Amino acid sequence: MNKWFRNLLKGASLTTALFIFQACYGMPQGIYDEREFYLTLEVVDGVTKAPVGGITVKSLTDGSGQWYEEGVTDTDGQIVVPVSYACDKVQLKFSDADGKYTAKDTTIVEFSEPLARIPLYK
Amino acid sequence: MRIPYFLFKAFRSGETRLHELNYLFWECTTRCNLHCRHCGSDCFAASKDVDMPKEDFMKVLDSIPASARPKEFSVVLTGGEPLLRPDIEQVGLGIRSRGFLWGMVSNGYFYDEAMHAKLIRAGMSALTISLDGLDESHDWMRGRQGSFERALKAISIAAKEPRLNFDVVTCVTKRNLGQLERIHDLLSSLGVAQWRLFTVIPIGRAKDDPDMHLDAAQTKALMDFIVGKREAAKAGAKCPGEKAMNVTFSCEGYLGSYEQKAREAPYFCRAGINIASVLIDGTISACPNIDREVFGQGNIYKDDFWQVWNEKFRPYRDRSWARKGMCADCKVFDRCLGNGMHNWHGDCSQVLNCHYSKLKK
């Protein structure tokens with residue numbers, strides 16, 4: 001059986017049961033949702049370009065109007081934010097509990113890159 | 001529709017030859033808040049093993065070429081109890097942001113509304129919660145009072161979530177066999193769509209506990225129960241708007257005359273064929289309950305995971321070595337291939353559990 005034939009077989013409804021499995025002590029296979037993707041934000045110092053950890057990030061990524069607290073950036077200045085493709089923009093708030101950096105509000109409308117670099121200034 | 005055996009055999013050979021990886025366990029902790037009688041891992045609250053840093057596991061995912069990631073590729077967080085990891089949400093986001101689906105097997109003790117919301121947002125799309133009996137029966141099995149109530153709450157939250165492929169799993173023992181009908185009604189009332197039943201393999205804590213293991217008549221009673229529920233569900237499906245719970249036996253074990261009656265597809269142990277694992281110490285294996293000393297294939301701290309997957313795993317992909325002990329002269333060996341890989345431990349001189357021999361009596 002080559003891969004081409006396997007893919008054909010996989011798509012046939014009568015043979016679907018052959019491809020759906022879960023390990024004896026595992027979970028069912030996940031639900032694939034192509035409407036979502038994951039945007040990595042990297043917070044950097046606006047002057048030195050060094051990553052800034054410990055920055056609190058809040059996001060508004062859907063039409064609910066509810067701001068969601070994503071958490072704080074890690075030592076690489078990064079945090080991952082889930083976004084729905086149904087959404088045409090992501091609104092973000094960045095704040096520094098230590099007060100070293102000025103809080104920032106921004107909106108991202110271009111999702112072609114999975115990584116967005118956000119500069120913060122003191 | 002029953003699948004003819006000759007077609008299935010050709011399919012199984014093809015799958016083995018291609019060995020597409022699409023189901024990866026990560027034993028992300030061996031710490032556990034419960035003390036289950038049937039635990040194959042012998043997990044404890046204070047495990048001697050340190051949780052693997054998530055970055056080490058992410059490197060494994062990054063080593064899998066983009067061309068070898070089918071969209072249904074699922075990562076399974078298992079343990080121990082995965083929810084004991086404080087970074088579980090970041091772990092999930094890390095997996096999902098790399099394009100993999102993920103889910104977990106949990107005892108449900110820490111699964112409340114807040115945890116549910118966090119994990120769904122982190123991209124969790126599949127979940128299994130264990131329920132091993134009613135009230136004291138579950139608590140007895142799980143070694144902690146109140147664990148039944150906590151599991152039930154978790155189940156009621158997860159069952160309502162349309163973004164989750166969710167099932168409940170029950171380990172059937174002498175103690176809860178008589179409760180199956182009532183557990184079925186309870187789960188149905190909570191809106192659970194899938195219920196999976198399995199039996200205990202005699203390893204870990206369960207090895208010497210006679211309460212854990214079903215005899216031949218009890219194994220048959222379990223199969224009859226499952227088949228009865230499946231047939232009733234099919235009949236019920238003829239009524240508009242009614243959707244019965246899908247009850248199934250887990251993928252372990254060749255079932256003889258119950259094949260394709262107690263579950264959809266014919267028996268096929270996919271360990272090492274579609275399933276791999278990264279264990280707590282970095283060992284590369286297949287399902288975590290397989291003897292890691294005997295069947296471990298490498299270690300992520302020394303070997304390239306993807307190379308190991310492609311070039312090793314020989315005992316998983318050619319099971320002719322299992323033709324020994326009671327399997328040596330078995331007339332259904334070709335269909336069973338020595339039962340699941342998790343049924344071979346230690347010196348592997350004998351299969352630990354044979355469903356077929358119990359069911360043919």
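This is a predicted model, so every value here is computed, not measured. Each chain gets a letter, A, B and so on, in the order the sequences are listed, and its residues count up from 1.
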How long is the gap from OG1 on T40(A) to CG on L93(B), to the nearest 0.5 Å? 9.0 Å
Can you tell which part of M124(B) gets under 4.5 Å to a heavy atom of chain A, answering side chain, backbone, both or neither? neither
Closest non-hydrogen atom pair between P28(A) and L127(B), with its separation: CD-O, 4.0 Å
What residue in V80(A), D74(A), I79(A) has the most heavy-atom pairs under 4.5 Å with chain B? V80(A)
Which answer fits I129(B), side chain, backbone, both or neither, if we ask what part of it has an atom under 4.5 Å from a heavy atom of chain A? neither
Counting only non-hydrogen atoms closer than 4.5 Å, does A286(B) touch chain A with its backbone (N, CA, C, O), its side chain (CB onward), both, or neither? neither
Which region of S277(B), side chain (C-beta onward) or backbone (N, CA, C, O), has a non-hydrogen atom less than 4.5 Å from a non-hydrogen atom of chain A, or is it both or neither? neither
Going from OG on S97(B) to CD on Q78(A), what distance comes out if it is rounded to the nearest 0.5 angstrom? 9.5 Å
With only heavy atoms counted, which part of Q90(B) is less than 4.5 Å from chain A, the side chain, the backbone, both or neither? neither
Counting only heavy atoms not in R317(B), do more than 12 sit closer than 6.0 Å to its CZ atom? yes
Would you say K58(A) has more than 12 foreign heavy atoms packed within less than 6.0 Å of its NZ? no
Which is it for Y23(B) and M27(A) under the side chain to side chain contact (heavy atoms under 4.5 Å, CB included) test, yes or no, and what are the steps along the way? CA-CA 10 Å; Y23(B) 199 94; M27(A) 47 149 221; 4.1 Å; yes
